[in-house]
Amino acid sequence: MPHRFVLTGTYCHFNKGDAAMQLTTADELKRRYEDCEITISAPFPEKDKPFYEPYRVIKCHRRNLLYGFVQCACAWLWKKCRWKAFLLDEEMRRYAEADLVIDLSGDMLTEDYGVHLAISHFLPILLANAMGRKVFLCAQSIGPFRYTESLAKYILNHAGAVTVRDQVTMDYLESIGVAPRRLGLTGDMAFIMKPLDSDRGRGRIVDVLDHSRNGPVLGVSLSFLIEKHFRKRCPVAHQVEFWGLIAQALDRWASKYRGRVIFFAHVTGPGKDRDDREACRKVAKLMQSPSGLIEEDLTPGQIKGMIRHCDLFFGARMHANIAALSSFVPTVAISYSHKTPGIMTQLECGEHVMHIEAMSPSLIDASLSRLVKERESVRAKLHEHIPEIQEGSRNNLERVEALIDGETG
């Protein structure tokens, strides 16, 4: 009988960070267990099915909290009596057959985005627990919690295993009472994602860049989410226009180093308000220096195949940063949560984190100038530490094997 895995925690493939974690995990499982059956449980299966082929995609109901709790109640009843009528939908039927449910929520097991969203990501884990299925929370940044701390602690202490991608999360979970024996520090699965179409990616960058300059190429990742955090948390946000702040800083960098700027969208929807291309266009229109924007809706592997040809990177999206860092591209990472400094510190690049509450013209200028000055030493650090992080990423598969073989925390 082939092993059966259900992957959950995703939002939509338009978020390339989600897609990077899901696809890399699915591909690595397929390499290790050639005949295994992999199901991706997603809120928008009609959008995701073509993208994730040949993997099966089913409807995840976590965004409907009431129905999700009904599922959990019926799952508990099914576990007691094995009456198939309690399996209300395909999601529950797939869970019932699964050898292991792997949650890849990234940084969504937290109240940073609201209690409602935290609970929505708890629900697939609670569903698996209610059905008696083994659960692996894989390579995440988790917390903080306030209102849901007791529920989070219960879920984490009843998981088969929990791996985290930064020491900040590890320390926090231990502080709230999660059993250390269940925890492990590994690496985000996206660190071992393969770049795709690299030669074509190089050509695409050449196509969109200004060739009157011959300085370094700076890749840039922006988002409306980072603007929202800037408005909420930066004390001087009311004094400046965010997009103008970024545009002027990029202009100053391009002028100083005769550099070229190219924008990458790591989230492309659903909807314009979630489309990073719209955020990048806002900045590009305000810049005096010419810039390029990759317009296509690409896979995360294809985006990595382009980012790897940049000389430097300035990123608001963590998985865009991971694509750069794992390609040994020195990076300034904009931070609005502990996931960013946590991962950057593992690479000895914590000094190249820009905290959103402190963002200012002088800070951006200083951070980018420092990156140019120190880029060779930063690249050396990446060559030293990326293999260690990637080994940690692969260790997540060892956890899978242990759980499949019947070992738990």
Side-chain angles (χ1 to χ4, degrees), residues 1-64 67-68 71-72 74-75 78-79 82 84-106 108 120-121 123-140 160 189-190 192-194 196 268-270 297-302 396-397 399-401 403-404:
M1 177 74 71
H3 293 306
R4 293 171 175 168
F5 300 100
V6 175
L7 309 186
T8 188
T10 188
Y11 175 65
C12 184
H13 79 272
F14 291 128
N15 184 313
K16 308 309 176 185
D18 271 14
M21 291 185 291
Q22 298 285 332
L23 279 174
T24 305
T25 303
D27 291 346
E28 291 297 318
L29 288 171
K30 200 68 175 175
R31 267 191 278 275
R32 181 165 292 221
Y33 306 101
E34 188 174 347
D35 61 345
C36 70
E37 296 178 9
I38 296 172
T39 300
I40 296 175
S41 180
F44 306 103
E46 68 285 354
K47 299 181 186 298
D48 284 340
K49 281 178 181 178
F51 180 87
Y52 285 120
E53 286 182 349
Y55 302 117
R56 181 191 298 271
V57 180
I58 62 170
K59 172 74 173 177
C60 176
H61 296 86
R62 66 171 177 79
R63 289 166 62 83
N64 184 336
Y67 184 75
Q71 280 183 309
C72 290
C74 289
W78 173 84
K79 181 183 175 184
R82 288 297 196 272
K84 289 185 178 180
F86 286 122
L87 301 178
L88 303 179
D89 48 56
E90 187 177 12
E91 183 181 22
M92 295 185 70
R93 290 190 290 273
R94 288 287 160 183
Y95 272 53
E97 297 171 351
D99 296 300
L100 183 65
V101 175
I102 302 176
D103 182 80
L104 294 155
S105 290
M108 302 306 295
S120 80
H121 278 268
L123 280 172
I125 305 168
L126 288 170
L127 177 62
N129 284 338
M131 300 184 82
R133 302 296 91 182
K134 293 178 183 177
V135 183
F136 174 33
L137 278 64
C138 179
Q140 301 184 35
M189 292 300 291
I192 55 175
M193 180 181 67
K194 301 291 190 296
L196 300 178
T268 56
D297 184 16
L298 302 173
T299 69
Q302 289 171 323
N396 290 308
L397 278 298
R399 297 295 181 119
V400 169
E401 187 168 330
L403 290 167
I404 290 294

For Phe5, ring-ring contact (aromatic ring centres under 6.0 Å, His included) partners two or more places apart | Tyr33
Taking only residues two or more places apart in sequence, or in another chain, which ones meet His121 in a ring-ring contact (aromatic ring centres under 6.0 Å, His included)?
-> none
Distance from [X] atom [atom1] to [Y] atom [atom2], nearest 0.5 Å?
| X | Y | atom1 | atom2 | value |
| --- | --- | --- | --- | --- |
| Met108 | Gln140 | CE | CD | 10.5 Å |
| Phe136 | Leu7 | CZ | CG | 11.0 Å |
| Ile125 | Ser105 | CD1 | OG | 5.5 Å |
| Leu403 | Leu100 | CG | CG | 5.5 Å |
| Met21 | Met189 | CE | CE | 10.5 Å |

Partner residues of [X] under the side-chain hydrogen bond (donor to acceptor under 3.5 Å, both in side chains) criterion, sequence neighbours left out:
| X | value |
| --- | --- |
| Arg93 | none |
| Asn396 | Thr163, Thr186 |
| Asn129 | none |
| Thr24 | none |

Steps toward side-chain contact (heavy atoms from CB on, under 4.5 Å) verdict (Leu123, Cys72) | CA-CA 8 Å; Leu123 280 172; Cys72 290; 4.2 Å; yes
What pairs with Arg31 under salt bridge (Lys or Arg N to Asp or Glu O under 4.0 Å), at least two apart in sequence or on another chain?
-> Glu28
Tell me, please, which residues at least two apart from Asp89 pass salt bridge (Lys or Arg N to Asp or Glu O under 4.0 Å).
-> none
Which pair of heavy atoms, one from [X] and one from [Y], lies closest together, and at what distance?
| X | Y | answer |
| --- | --- | --- |
| Cys60 | Thr8 | SG-OG1, 4.3 Å |
| Arg62 | Thr10 | NH2-O, 3.2 Å |
| Asp27 | Tyr55 | OD1-OH, 2.7 Å |
| Arg133 | Ala96 | NH1-O, 3.2 Å |
| Ala26 | Ile38 | O-CD1, 3.3 Å |
| Ile404 | Lys134 | O-NZ, 4.3 Å |

Within the distance-only criterion (no hydrogens, no angle test), does the side chain of Glu91 pair as donor or acceptor with the backbone N or O of His61 below 3.5 angstrom?
-> yes
Less than 4.5 Å apart, any side-chain heavy atom of Glu90 and any of Arg56?
-> yes
Any side-chain heavy atom of Val400 sitting closer than 4.5 Å to one from Thr25?
-> no
Dump the intermediate steps for side-chain contact (heavy atoms from CB on, under 4.5 Å) on Leu29 and Ile102, then the final yes or no.
-> CA-CA 11 Å; Leu29 288 171; Ile102 302 176; 3.9 Å; yes
Kindly indicate, with the supporting measurements, whether the criterion side-chain contact (heavy atoms from CB on, under 4.5 Å) is fulfilled by Met131 and Leu87.
-> CA-CA 10 Å; Met131 300 184 82; Leu87 301 178; 3.5 Å; yes
Side chain to side chain contact (heavy atoms under 4.5 Å, CB included) involving [X] - partner list, sequence neighbours excluded:
| X | answer |
| --- | --- |
| Gln302 | Leu196, Asp197, Leu298, Thr299 |
| Cys74 | Val70, Phe86, Leu88, Met92 |
| Ala20 | Ala190, Met193, Pro300 |

Tabulate below the donor-acceptor pairs under 3.5 Å that side-chain atoms of residues 39-50 make, not counting sequence neighbours, or state none.
{"from": "Asp48", "atom 1": "OD1", "to": "His13", "atom 2": "N", "distance (Å)": "2.9"}
{"from": "Asp48", "atom 1": "OD1", "to": "His13", "atom 2": "ND1", "distance (Å)": "2.7"}

For Lys16 and Asp297, what are the C-alpha separation, side-chain angles and deciding distance, and is it a side-chain contact (heavy atoms from CB on, under 4.5 Å)?
-> CA-CA 10 Å; Lys16 308 309 176 185; Asp297 184 16; 2.7 Å; yes
